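No experiment lies behind these values; they were computed from the predicted model shown. One is the number of the first residue; the rest follow in order along the sequence. The figures that follow rest on heavy atoms only: side chains count, while hydrogens, waters and symmetry mates do not.
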Amino acid sequence: MNTTKTKLISVLVLLAIAACKSNKSGLKPISDSETRPNIIFIFADDWGYGDLGIHGSRFCKTPNLDRMAAEGMDFQNFSVVSPVCSPSRVAVITGQYPARHSVHGHFASVESHIKRGMPDWLDPKAPSLPRMLKDAGYKTAHFGKWHLSNTHVNDAPSPFSYGYDEYGAFNLSSNLIQMHADSTIYKTIDFVKRNKNTPFFINAWLHATHTPHYPKKKYMNQFAYLDEQEQVYASVVAEYDARIGDLFTTLKELGIDNNTLILFSSDNGPETTGTRKRLDDNSTGPGLGTYYSVGETDGLKGEKRSLFAGGVRVPFIVRWPKTIPAGVVDKKTELATVDLLPTFLSIANAPLPKDYQPDGVNIIRALKGEEFIRQKPIYWQWLKAKSNKPNFWPGAAIQEDNWKLLTNHKTGQTELYHIHSDWAEQKDLSDQYPEKVSSLLAKLIAFEMTLPKEPSKECFSKEREEMKFKHQ
C-alpha cells in the first residue's frame, strides 16, 4: 500500500473516531455489543440539605453518602420543583413541572383533591421515565414510597401502568398491597442481583426522614450521647446511610460498579419540628412524630413547604466511577429534578419521544464535570403559600442565571436574590434591580399562562361520582 493511501486511511479512521466521540449528550455512542449503564435514583423524603456530614450536619453521621460524594460529584445548587413530596415525584417521572399535570400538592383524599383542583392520581398517559427506558430495553423497577396517588384512594392505577417491570411500594392506592417501608434498599439490592446482566433502572424512594420515624435499637445506642430528638433523627439517617453502603458493596461484588450511575437526592427540605411524639400513618403504621423531625438546612432560609432555599434546595450527589470525576463540589451549576428524564434518556442512548416537550434539560455535561450553562429557567408554583407566615409566603418563583425571584400574586410581595453571591437568600435585591424583577416576573406569568385550568377527568376516582350522588 502506498504512503499516500496509508495516510488517507489513517485520516479517515481518526475522523470516524472523532465523530463517535462527539454527540449532543457528550457521551460516546454505545454500540450493540456494549452494556449500557445502569441507573439507580435514590430519593429520600424530607431529608434536609444539611442532613449530611459533608454539608455540615451538627449531629448526623453519613459516612457512606460522604464517601459517595468523595468518589463522585456533590452538586449543591440542585433544586426540586416543589416544596412537598407528590409534585416533586411527578417532576422526576415526567420531566415536566407538576403544575402541568394539575398536581399542586401531596396526594391525599378525594375530597382534598377536589378542594385543591387536583386529579386523584398522576395520569398513566403522562410522559413516563420508566416507560421510556423500558421501551429502550431497560429493566425497570420502583421500590419504596409511591405517593403518585394515596392510600385514601381505592381505585388508582398501580406502578405497572407507568412502565415498571417490577415494584414494591407503600403509599399506594388502598386496593394494592403496601410494602413495608423498611424494605426499599433490600428490594433494590435483590433486583440488582437478579438483573446484573441487563441494563436496569431503579427508583429507590426512601421513607426516611419522613414521619413516622422508626429508629432501630442498634442506631439509638450509637447516638445515645445526643438529646432525645437528635438521637432519634440521627438514628434514622444513619440506618439508611448504612443501607446505601450495602448497595455500593453489592455493586462492587457483582462487578457492575463502574457501569452503574447512582444519584442521591431528597424530595424537599426538612419537616418543621412539631409537638407530636407519636404518629400513625395509614400506609406505614404507627411510629414517632414531628417532635423528632429536627432536620437541618445548613443555614438556608425556609424548610419543607417553603419556596425559599431551605425548602427546595436539596442534596444531589452523583457517582459513576470512571465517567464522573471524583471529589468535585459544584456550587454554581443550576440543576433541577425536571432535568433527570432527558439526562437519563441520553445516558441510555434513547431518543426522547417525538411529541414530548421536556421542561428540563440534558445535564450530562455537568455530570461529567464539563462546562454547562443552563438554557431554561426553573419555575415553581405553590398554591398553599401562607402569606402571614415568614418564609412561607411565596406562592411562585423563578430562577435564571442564579437570579431567583419569589412572589405572592395575591399580596404583591416580591423578593429577588442573587443566589451565587447570597447562598442562603438573606439579602433582598428587588429595590436595586427593578428591571430584573420585571423581566423575571414577566417570564413567570408567561409560564403560568401555559398551565391547565383543571385536572384531567380521566384521573378521577369513582368516589367522586359517589360523593356527587350523596349530595344530590
Side-chain angles (χ1 to χ4, degrees), residues 42-76 78 80 83 85 144-145 181-182 184-185 204-248 262-274 277 279 287-304 306 309-319 327 329 331 423-424:
I42 303 172
F43 211 24
D45 199 341
D46 294 0
W47 192 301
Y49 176 86
D51 291 340
L52 293 169
I54 54 169
H55 288 180
S57 176
R58 294 182 297 104
F59 59 92
C60 290
K61 306 295 183 184
T62 55
N64 291 291
L65 287 170
D66 294 352
R67 179 165 53 86
M68 179 181 175
E71 296 174 353
M73 294 188 69
D74 177 14
F75 290 95
Q76 299 187 357
F78 178 86
V80 288
C85 48
K145 185 172 183 177
D182 275 356
T184 301
I185 298 298
W205 290 1
L206 309 181
H207 174 66
T209 58
H210 197 284
T211 54
H213 301 296
Y214 306 106
K216 304 295 189 296
K217 184 177 180 180
K218 170 184 175 181
Y219 298 100
M220 289 290 282
N221 291 339
Q222 179 183 339
F223 295 97
Y225 60 90
L226 296 173
D227 67 39
E228 180 185 1
Q229 291 170 294
E230 292 180 352
Q231 180 188 20
V232 167
Y233 197 84
S235 297
V236 171
V237 167
E239 177 185 355
Y240 278 87
D241 178 80
R243 293 188 182 182
I244 290 170
D246 292 341
L247 175 59
F248 283 125
I262 300 188
L263 311 94
F264 173 85
S265 191
S266 175
D267 64 349
N268 46 248
E271 176 62 275
T272 301
T273 306
K277 285 197 169 186
L279 184 68
L288 301 181
T290 54
Y291 177 75
Y292 301 97
S293 295
V294 289
E296 301 173 280
T297 67
D298 191 33
L300 301 178
K301 183 190 296 185
E303 52 199 341
K304 182 177 181 179
S306 171
V312 296
R313 189 181 302 153
V314 293
F316 188 61
I317 304 172
V318 183
R319 179 185 181 273
V329 176
K331 200 170 184 175
W423 185 243

Under 6.0 Å from the NZ atom of Lys301, do we count more than 12 heavy atoms belonging to anything else shown?
-> yes

Would you say Arg319's side chain and Phe264's backbone share a donor-acceptor pair under 3.5 angstrom?
-> no

Does Thr184 use its side chain to pair, donor to acceptor, with the backbone of Leu206 at less than 3.5 Å?
-> no

So, the side chain of Asp46 versus the backbone of Pro270: is there a donor-acceptor pair under 3.5 Å, distance only?
-> no

Heavy-atom closest contact (Tyr233 atom, Ser293 atom, distance) = CD1-CA, 4.1 Å

Might you point out which heavy atoms bring Ala242 and Asn64 nearest each other, and give the distance in Å?
-> CA-ND2, 3.7 Å

Spell out, as yes or no, whether a donor-acceptor pair under 3.5 Å connects the side chain of Asp241 to the backbone of Leu65.
-> yes

Least distance between heavy atoms, Leu247 atom then Ile262 atom | CD2-CD1, 4.4 Å

Taking atom NZ of Lys216 as the centre, does the number of heavy atoms from other residues, nucleotides or ligands within less than 6.0 Å exceed 12?
-> yes

Ser235 side chain vs Tyr219 backbone, donor-acceptor pair below 3.5 Å = yes

Hey, are the side chains of Val237 and Phe59 touching, using non-hydrogen atoms and a 4.5 Å cut-off?
-> no

Test: Glu230 and Arg58 ion pair at under 4.0 Å | yes

Interatomic spacing from NE2 in His210 to CG in Leu279 - rounded to 0.5 Å | 8.5 Å

Exercise: identify the closest heavy-atom pair between Ala204 and Ile185 = CB-CD1, 4.5 Å

Under 3.5 Å donor-acceptor, Ser266 side chain and Trp47 backbone = yes

I would like to know whether Gln76 and Val329 meet side-chain contact (heavy atoms from CB on, under 4.5 Å); could you show each step before the answer?
-> CA-CA 7 Å; Gln76 299 187 357; Val329 176; 3.4 Å; yes

Check: Glu271 side chain, Thr211 main-chain N or O, donor-acceptor pair, under 3.5 Å = no

Intermediate values then yes/no, side-chain contact (heavy atoms from CB on, under 4.5 Å), Glu296 and His55 | CA-CA 10 Å; Glu296 301 173 280; His55 288 180; over 6 Å; no

Would you say Ser265's side chain and Pro315's backbone share a donor-acceptor pair under 3.5 angstrom?
-> yes

Is Asp66 reaching over with its side chain to a backbone N or O of Ile54, donor-acceptor style, under 3.5 angstrom?
-> yes

Let me see the working for Met73 and Met68 under side-chain contact (heavy atoms from CB on, under 4.5 Å), right down to the final yes or no.
-> CA-CA 8 Å; Met73 294 188 69; Met68 179 181 175; over 6 Å; no

Can you list the steps and then say if Trp423 with Arg313 is a side-chain contact (heavy atoms from CB on, under 4.5 Å)?
-> CA-CA 10 Å; Trp423 185 243; Arg313 189 181 302 153; 3.2 Å; yes

Which is it for Tyr214 and His207 under the ring-ring contact (aromatic ring centres under 6.0 Å, His included) test, yes or no, and what are the steps along the way?
-> CA-CA 10 Å; Tyr214 306 106; His207 174 66; 5.6 Å; yes

Between Gln231 and Tyr292, does any side-chain donor sit less than 3.5 Å from a side-chain acceptor?
-> no

Working to the nearest 0.5 Å, report the span between CZ of Phe75 and CZ of Phe316.
-> 7.0 Å

Should Thr272 and Lys304 count as side-chain neighbours, where that means a heavy-atom distance under 4.5 Å?
-> no

Heavy-atom pair of closest approach, residues Asp267 and Val80 | O-CG2, 3.5 Å

Minimum heavy-atom distance Ser306-Gly302, with the two atoms named = OG-CA, 3.8 Å

